[in-house]
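Everything on this sheet refers to the single structure shown next.
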Amino acid sequence: QGLIGQLALCFDKLSGAFPVIAIDLSDSRLDVSKQMGADHVLNPRKDNIPEALSDITKGRMVDRIIEATTATSAIQSALEMLNKGGVLFLLGGGHGKIELDLFKYVISKNLSIIGGHESGASKSCDDFHFPWTMPRNVELCLDLFQDKRVIELTVHRLFSSGNSGNVEMTDIWYILL
């Protein structure tokens, strides 16, 4: 999982989600996911994902999926893995067109799809039903970093990109933006 996926994993764990399952093609990213608290990690190159999810969930499949890749092909796979009434959260990527049988993959299963991207975040809190604004999102992330709940993720990302080891708040702020 990349940075967005890792942050989503942290927020899932903080909100009490169980089981939290990380899926990625990179074993090193899955190692970080496990360190960050993923209950299970799966690699599509090695694991039969639908079968593994069925085993983990005792046949129910999953209720929520956060799709944080830029691969549009992953969207249909995610919809197939959701339980009836499930929710697919699309974060960030997914640029491009996707051909999809909406009745088969969404309507007949009563699924919800929620999109989220920085460009769509409100700049101010003028909508009572959507209190999460860009300033509030950044404030929450910085509070969690300060509370040392997700700092390991940022440190890993900074070290892996050749940083000398000096982690500054400006570095964290830059990653958030």
Side-chain angles (χ1 to χ4, degrees), residues 1-121 130 132 134 137 140-141 144 149-150 152-154 156-157 160-161 175-177:
Q1 293 178 301
L3 181 61
I4 300 300
Q6 292 293 339
L7 284 170
L9 185 150
C10 289
F11 294 141
D12 287 347
K13 291 300 284 189
L14 288 170
S15 65
F18 180 83
V20 174
I21 305 164
I23 300 174
D24 200 286
L25 296 170
S26 166
D27 286 334
S28 63
R29 285 181 171 191
L30 290 173
D31 289 342
V32 173
S33 297
K34 195 69 172 168
Q35 292 170 7
M36 297 303 295
D39 300 300
H40 302 275
V41 294
L42 303 172
N43 184 329
R45 290 186 178 135
K46 300 175 182 177
D47 301 301
N48 179 320
I49 302 302
E51 184 178 298
L53 291 176
S54 182
D55 290 345
I56 293 167
T57 63
K58 300 178 180 102
R60 288 186 321 272
M61 299 311 278
V62 294
D63 298 316
R64 306 282 185 269
I65 293 179
I66 298 174
E67 174 52 53
T69 71
T70 57
T72 56
S73 61
I75 295 171
Q76 182 170 318
S77 296
L79 292 170
E80 291 172 0
M81 293 181 255
L82 280 166
N83 191 9
K84 289 182 179 181
V87 180
L88 173 60
F89 297 91
L90 301 173
L91 297 182
H95 300 282
K97 296 180 181 182
I98 180 171
E99 188 171 318
L100 184 68
D101 181 338
L102 285 175
F103 184 81
K104 178 180 179 181
Y105 293 105
V106 180
I107 298 166
S108 67
K109 293 173 69 176
N110 292 320
L111 300 182
S112 296
I113 300 174
I114 299 173
H117 191 274
E118 181 275 330
S119 64
F130 188 75
W132 292 102
M134 180 59 89
N137 291 344
L140 173 63
C141 288
L144 292 169
R149 294 185 188 209
V150 292
E152 297 89 355
L153 165 68
T154 305
H156 168 77
R157 173 69 181 242
S160 68
S161 57
I175 288 172
L176 289 173
L177 299 176

As an exercise, state the distance from CG of Leu53 to CG of Leu42, rounded to the nearest 0.5 Å. 6.0 Å
Can you tell me how far CG of Asn43 sits from CD1 of Ile49, rounded to the nearest 0.5 angstrom? 7.0 Å
One should read off an interatomic distance between Leu79 CG and Met81 CE, to the nearest 0.5 angstrom, of 9.0 Å
Can you check whether Leu82 reaches Val62 side chain to side chain, under 4.5 Å on heavy atoms? yes
For Asp12, is there an ion pair with Arg64 - N to carboxylate O distance below 4.0 angstrom? no
Shortest non-hydrogen contact from Ala22 to Leu30? O-CD2, 3.7 Å
So, for Ala78 and Leu88, which heavy atoms are closest and what is the spacing to 0.1 Å? CB-CD1, 3.7 Å
Quick one: CD1 on Ile21 to NE2 on His40, what's the gap to the nearest 0.5 Å? 6.0 Å
How close do Asp39 and Lys13 get, heavy atom to heavy atom, and via which atoms? OD1-NZ, 3.2 Å
Give the minimum heavy-atom separation between Cys10 and Met36, together with the two atoms involved. SG-CE, 3.2 Å
Would you compute the distance between atom CG of Leu91 and atom OG1 of Thr69 and round it to the nearest 0.5 angstrom? 10.0 Å
If you round to the nearest 0.5 Å, how far is CD1 of Ile23 from CD1 of Ile65? 7.0 Å
Any donor-acceptor pair under 3.5 Å from Ser33 side chain to Arg29 backbone: yes
For Lys34, does the NZ atom have more than 12 heavy-atom neighbours from other residues, nucleotides or ligands under 6.0 Å away? yes
Can you give me the closest heavy-atom contact between Leu100 and Gln76, atom names plus distance? CD1-OE1, 3.9 Å
Expected output: side-chain Asp101 to main-chain Phe103 donor-acceptor under 3.5 Å: yes
